[in-house]
Amino acid sequence: MKRIAKEPFLAVVMLFIISCLFLFVIYPIVRVFLYPSGKELITVLSHPRYIKAIFNSLFMVVLSTSSSAFVGFVFAYTIARTDVPLRKYFKLISLLPLFSPPFMVAFSYIMMFGKNGIITAKLLGLSVNIFGWHGLWLAQTIAFFPIAALMMEGVLQSIPPSLEYAGRNLGATGFTLFKTITFPLARPGVAGAALLVSIQVLADFGNPIMISGDFSVVATEAWMRIEGWADVSGAAILSLVLLVPSFSIFLFQRLWVGKKSYVTITGKSTQIDIRRIGSFMRWFLFAFCSVFSLLILLVYLALFMGAFVNGWGFDWTPTLRYVREIFSRSTEVTNSLVFSLLAGGGSALFSMVAAYLVSRKKFFLRRFVDFTCILPTALPGIFLGIGYSIAFTRPPVDLHGTAAIIILSLMFWNIAMGYQTGIGAFQQISPSFHEAASNLGASSMRIFKEIEIPLIKGPFFSAFIVSFIRAITTLSVIVFLATSKNVVATFSIMNLVSDGFYGKAAALTCSLLIIAFLVLGIAKLALGKRFELFKV
Amino acid sequence: MAMNEIHLRIENVHKTFGKTKALDSVSLDIARGSFTTFLGPSGCGKTTLLRMIAGFYEVEHGNLYMGDRLINDVPSHLRNAVMVFQDYALFPHMTIRENITYGLRIQKMTREDIEKRLQKTIGYLGIEALLDRTPGQISGGQQQRVALARALVMEPEILLLDEPLSNLDAKLRINIRAELRQLQRRLKITTIYVTHDQAEALSLSDRIAVMNEGKIVQYGSPFEIYYRPRNTFVASFVGIVNLMKGKVASSSSRTILVSVGGEPVLVVPADKEAERTYKPGDDITLCVRPETIRLESALRGQGNGENVFRGRVVNSIFEGSSVRYWIESLGMEFIVDIFDPGNEELNNKDVSFRINPERIHILPT
Amino acid sequence: MKKMLLVLLVFLIAMSAFGAGQGETAEKKVVIYAALDEKTTSELAAAFKEATGFTAEIALQIEQAGTVAARIKTEASNPRADVLIGGNSNFHSDLARGGFLQKYTSPVIKEAGINPNLMDPDGYWTGWYLGALCLLYNEKLYNEKIKPLGLKPPTTWDDLLDPAYKGRVIASNPATTGGAYLMMAAQIFRLGSERAGFDYIRKLHPNVAQYTKGANGSIPLVSQGEAIVGFAWGHDTLKQKMQGNLPIVVVFPKDTGFEIGGASVLKGAPHAEAAKKFLDFLLSPAAGKINARNGYRYPVRGGVELPAGVPPFEQVKLAPWDLKKADENVDKWKKEWASITGM
């Protein structure tokens with residue numbers, strides 16, 4: 001406390017961070033909790049349809065998380081630890097599903113793999129029903145394995161290579177080495193990544209709303225309570241229901257996996273020497289990654305085709321008229337870009353400052369800041385959207401119809417990723433830098449500015465990009481907050497889809513994808529190697 | 001005895017990483033049962049060479065033989081050359097027991113045999129009490145012993161040690177150093193040791209290969225390396241040295257007279273052919289170790305044919321067992337180590353010192 | 001750090017400035033929340049301005065009435081909008097029950113002789129258009145799969161029960177959407193009793209490939225050949241068929257259900273008087289024409305010109321409808337439906 005008194009600016013920053021977290025994270029959550037009455041809660045919870053939906057959701061979490069984690073691990077292993085040909089391209093392609101605005105990406109599965117799908121019916125002559133849990137399983141696996149892969153790649157890279165050398169030197173080769181050394185070491189990290197993925201699977205509504213058919217999950221039920229019945233209480237309750245497993249997984253991940261991690265961060269990074277693996281394994285991995293990369297390409301190809309043909313699925317005459325739609329929607333697209341850039345920047349900035357305070361300073365409510373910064377990971381988008389819509393459309397904070405409400409919601413929804421990256425980065429930066437600078441007479445602020453900031457540039461921009469991507473592709477958060485004044489592209493996509501303008505929706509989706517990829521490309525060019533996505 | 005039998009032959013080996021040459025035509029013979037050290041500054045290629053012997057890097061060019069067997073393409077675990085890593089590389093997800101027996105279990109050895117080997121090995125190293133702990137729960141010195149045990153339990157033909165002591169504190173390092181040497185002598189395992197610490201190299205090794213920029217600069221016994229360095233790099237990398245540049249004044253069958261800073265310095269070369277090698281007028285570099293220089297009890301003139309010179313003490317430090325003086329003389333600054341000195345204060349005083357002509361080494365040009 | 005924080009502060013202040021920017025100065029305006037398509041909404045707003053001189057500001061336009069109504073609920077403590085237009089009467093009744101609406105009965109109803117049965121019996125909402133339920137089928141698939149069996153194209157509800165359509169019908173799910181509930185209720189009203197209605201649903205069930213979450217989910221699925229036949233709101237189906245040149249045929253079966261499109265004034269509306277004016281305007285021939293032309297909906301006021309391809313209202317045979325009964329039985333009928341379909 002004495003030290004804080006000596007640095008009043010620091011105290012102001014702390015106060016600022018803490019009040020922001022109270023206002024923009026805790027307060028909306030509380031509002032959602034308070035919205036439904038107890039009676040409504042019991043009615044909804046005892047309804048057999050929702051009980052079934054809960055089981056379905058849990059079923060999909062197990063199924064899709066396992067498959068995403070498995071595919072993700074194979075990708076990560078192939079990319080990080082082998083010399084399988086084309087592995088750089090596999091990585092690039094696997095980035096695509098990170099950008100999936102709702103509806104249209106899921107819709108293109110129907111185009112490719114439905115009863116009348118280009119692949120299933122036209123090419124293979126099959127009559128496949130994609131609707132149901134199996135279709136959803138496929139779509140979610142593809143949608144979520146890339147995040148798993150990115151996180152696991154980080155885990156694999158942080159295993160000291162000398163451990164694998166030692167194993168090999170002591171006689172473990174090929175699969176034995178993998179089974180006894182590489183995998184057990186990666187396991188805690190892999191488990192952690194899988195749990196984070198499972199939270200996303202739980203909250204996923206974009207895929208099930210299009211292709212789960214009669215198989216209902218909680219996230220879509222919550223959504224349909226609103227869209228179909230204007231039942232805000234029901235939606236609030238169902239998203240609370242969603243919060244229970246989501247939050248449990250989150251706590252479990254924090255408390256258990258966090259402690260079990262073997263990955264030790266040392267200053268010395270050894271050069272990883274990629275080993276030639278057995279030719280059977282090599283071709284197996286190659287085939288595996290090729291199949292999934294091809295799947296991704298097909299799905300996104302279908303999406304792009306949808307933007308350039310007359311009638312998706314029945315009239316394949318090429319046309320440019322839907323592309324023109326993008327220009328008439330330039331307000332939404334510009335808003336999407338501007339809001340997401342601001343939300344991404346704000347999110348990265350906020351989370352880095354918070355991470356700095358938590359990892360370097362001792363202060364009152366430090367644990368609160370730590371917890372609240374990661375909490376949004378566990379919040380389904382619709383939950384936060386409802387919360388903001390109740391909390392910030394009335395005095396004292398009335399942001400109805402403003403850009404601010406959208407930017408703030410997206411910003412605070414995304415602080416978790418940036419915060420975790422930030423904590424990781426500050427842990428890696430030895431406190432001795434800090435001590436050295438402090439010893440030379442620099443104040444906390446100077447140290448942060450002159451020592452820490454240059455060192456966390458990479459993590460900062462990674463956090464920025466991740467938040468940006470999530471912000472520009474989300475619908476569930478903003479559907480409650482957008483009005484004609486602050487409308488964004490995903491909102492228009494939703495309207496176009498429900499109006500039956502699939503071609504226009506596809507074109508708009510493509511333009512969002514292109515913008516997001518451009519931003520990613522610019523970041524990559526500007527930052528080069530320091531730029532890492534989703535490193536945990 | 002077996003010492004003369006070549007156990008490992010390195011023949012004209014090259015290795016490049018990208019554009020940098022890590023190993024540049026390295027050749028070396030290592031005798032069975034010997035303790036050989038690769039010594040050099042960081043980046044000199046010593047670890048690369050060790051890893052190549054272990055089988056972690058492929059041999060791009062040249063050959064590796066173990067006995068008569070070409071092992072270029074033999075995978076790491078079939079070479080029976082087991083390595084102890086600088087960071088120990090203990091598997092954090094296994095207990096100490098599991099760590100040590102890992103290699104044996106991979107070989108599918110029976111449980112009794114594993115236990116027998118384990119007991120035998122830990123007996124050497126005194127780590128019986130640690131077996132059920134995990135690497136995170138034991139100290140650095142203990143980790144080091146476990147890492148060594150994990151290698152020794154394999155009963156390797158060749159033991160490879162990659163700076164195994166660098167993460168330990170100074171006192172522990174000296175203790176383990178002695179133990180290691182004793183153990184190696186007892187087990188008679190051919191051992192290759194990598195270090196950048198010249199004191200470690202001198203105290204442990206039968207033979208030292210000094211490396212620089214991917215090449216072996218000198219290969220010889222610690223005595224040879226220390227007293228007869230082949231060039232200025234070896235001379236100054238290994239220990240402290242006084243390098244005197246001069247001109248040959250005259251040479252006879254037993255002695256060479258060198259003019260350094262205008263004064264004649266008498267040299268009795270070990271090399272009997274020296275008379276033929278060094279002709280009057282040749283530029284020459286002489287190499288004298290600080291501890292071979294003696295202070296005379298009384299001040300004497302110089303140039304009296306006994307290699308006694310006069311100079312002024314400009315600095316001194318007390319090192320416990322010795323005192324190091326910096327003495328200006330012959331147009332240079334000599335470093336002189338005096339063991340068991342008197343307590344007389346010599347700073348800024350003139351002294352006479354004598355250089356033993358038999359301890360002066362002529363650096364080959 | 002100082003700089004970073006400064007940036008963060010400026011950022012937040014700038015955003016609140018964004019918020020402060022919307023001053024309420026012009027009183028001659030009405031703020032609209034619309035559950036209609038974009039084009040109809042904006043044309044209605046323009047025509048209103050022309051007719052009355054009042055600005056109609058479209059604050060929110062989402063095709064899905066539920067989402068719009070939900071927004072009205074969450075924003076209730078500080079209402080922004082004056083009117084909600086579009087969405088079937090159920091959504092309006094629901095809002096009225098929750099106390100989110102104020103009563104208004106337009107004098108135009110009497111003046112123009114509009115059927116008072118199309119208005120809220122409690123006086124909260126105004127019915128201003130009708131939409132009938134239609135069948136739609138994929139022409140190509142019908143020709144390939146059904147025609148060879150000697151069956152005529154589906155024109156009645158009972159045609160859907162033919163075993164030839166097993167697994168080839170798209171229906172909608174009353175549990176997830178109110179529109180689908182009306183479609184289910186239509187069967188009860190059409191057949192005269194709950195028993196007969198649910199019997200129909202029971203018989204239809206084996207033929208249903210999927211109960212879509214939305215009411216109009218059959219339109220894309222039938223168009224893309226995921227199934228052969230389905231049912232949806234006729235006006236939405238016609239609109240999508242026209243604008244997207246969908247390969248489907250739209251049929252209005254002999255006795256079909258319908259929805260009443262509602263409009264209502266919100267409680268605490270900042271411009272309540274203008275809102276009432278807007279409701280009056282919605283009942284005008286001009287508004288009816290815009291709605292019919294863009295949305296293919298039938299205005300409640302007769303004598304409005306309909307776009308090509310839309311059958312005259314008199315030709316569409318509507319089943320008798322009991323608004324009160326449909327409203328009262330929501331939970332019961334949904335439950336019954338669930339027990340039959342196992343959804």
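Only a predicted model underlies this, so the values are computations on that prediction, with no experimental measurement involved. Just so it is clear: chains get the letters A, B, ... in the order the sequence lines come, proteins before strands, and each one is counted from 1.
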- Message: Quick check on the interface: out of C/G98, C/S77, C/A69, who has the most heavy-atom pairs with chain A under 4.5 Å?
- Response: C/S77

- Spell out, as yes or no, whether a donor-acceptor pair under 3.5 Å connects the side chain of C/R80 to the backbone of A/T393. yes

- Do the side chain of C/R71 and the main chain of A/S389 share a donor and acceptor less than 3.5 angstrom apart? no

- At a heavy-atom separation under 4.5 Å, does C/K334 approach chain A through its side chain, its backbone, both, or neither? side chain

- Greatest number of non-hydrogen atom pairs under 4.5 angstrom with chain A, of C/A180, C/A209, C/P174, falls to C/P174

- Item | Spacing of A/K485 atom NZ and C/I58 atom CD1 [to the nearest 0.5 Å] | 12.5 Å

- Query: Does A/K122 NZ have over 12 foreign heavy atoms under 6.0 Å away?
  - Reply: yes

- List in chain and number order the residues that pass side chain to side chain contact (heavy atoms under 4.5 Å, CB included) with A/D214, two or more places apart in sequence or in another chain; answer none if no residue qualifies. C/Q210, C/Y211, C/M343

- Looking at A/M111, A/M494, A/R329, which has the largest count of heavy-atom pairs under 4.5 Å with chain C? A/R329

- Item | Set of residues satisfying ring pair (Phe, Tyr, Trp, His ring centres under 6.0 Å) with respect to A/F107, sequence neighbours excluded | A/W312, A/Y502

- Message: Could you check whether any side-chain heavy atom of A/F314 comes within less than 4.5 Å of a side-chain heavy atom of C/E139, counting everything from C-beta outward?
- Response: no

- Message: Measuring only between side-chain heavy atoms, which start at C-beta, is C/I62 closer than 4.5 Å to A/F491?
- Response: yes

- Item | Region of A/V497 in contact with chain C, defined by heavy-atom distances below 4.5 Å | neither

- Query: So how far is it from C/D37 CG to A/L496 CG, rounded to the nearest 0.5 Å?
  - Reply: 11.5 Å

- Residue C/A338 versus chain A: region with a heavy atom under 4.5 Å: neither

- Task: Using non-hydrogen atoms and a 4.5 Å limit, figure out which bit of C/N173 sits close to chain A: side chain, backbone, both or neither.
- Result: side chain

- Interface moiety of C/L221 toward chain A, non-hydrogen atoms closer than 4.5 Å: side chain

- Looking at C/K239 and A/D499, does any basic side-chain N land under 4.0 Å from a carboxylate oxygen? yes

- Check: C/R168 and A/K115 side chains under 4.5 Å, non-hydrogen atoms: no

- Message: A/D398 vs C/N78, test: side-chain hydrogen bond (donor to acceptor under 3.5 Å, both in side chains). Steps then yes/no.
- Response: CA-CA 9 Å; A/D398 184 2; C/N78 190 14; 3.1 Å; yes

- Item | Note: A/K504-C/E38 ion pair, threshold 4.0 Å (strictly below) | no

- Task: Answer with side chain, backbone, both or neither: which region of A/L481 has an atom nearer than 4.5 Å to a non-hydrogen atom of chain C?
- Result: backbone

- Message: Which atoms of A/T220 are under 4.5 Å from chain C, going by heavy atoms: the side chain, the backbone, both sets, or neither?
- Response: side chain

- Query: Using a cut-off of under 4.5 Å for heavy-atom pairs, which of C/V208, C/D94, C/T176 has the most such pairs with chain A?
  - Reply: C/T176

- Below 4.5 Å from any heavy atom of chain C, which atoms of A/R49 appear? Answer side chain, backbone, both or neither. side chain

- Task: Starting at CG of A/N495, measure out to CD of C/Q64 and round the result to the nearest 0.5 Å.
- Result: 8.0 Å

- Task: Taking the side chain as every heavy atom from C-beta outward, state whether C/K213 and A/W223 have any atom pair closer than 4.5 Å.
- Result: no

- Item | Proximal component of C/V330, with respect to chain A [non-hydrogen, under 4.5 Å] | side chain

- Message: Would you compute the distance between atom CD1 of A/I226 and atom OG1 of C/T74 and round it to the nearest 0.5 angstrom?
- Response: 8.0 Å

- Validation row: A/M224, C/T177 side chains within 4.5 angstrom (heavy atoms): yes

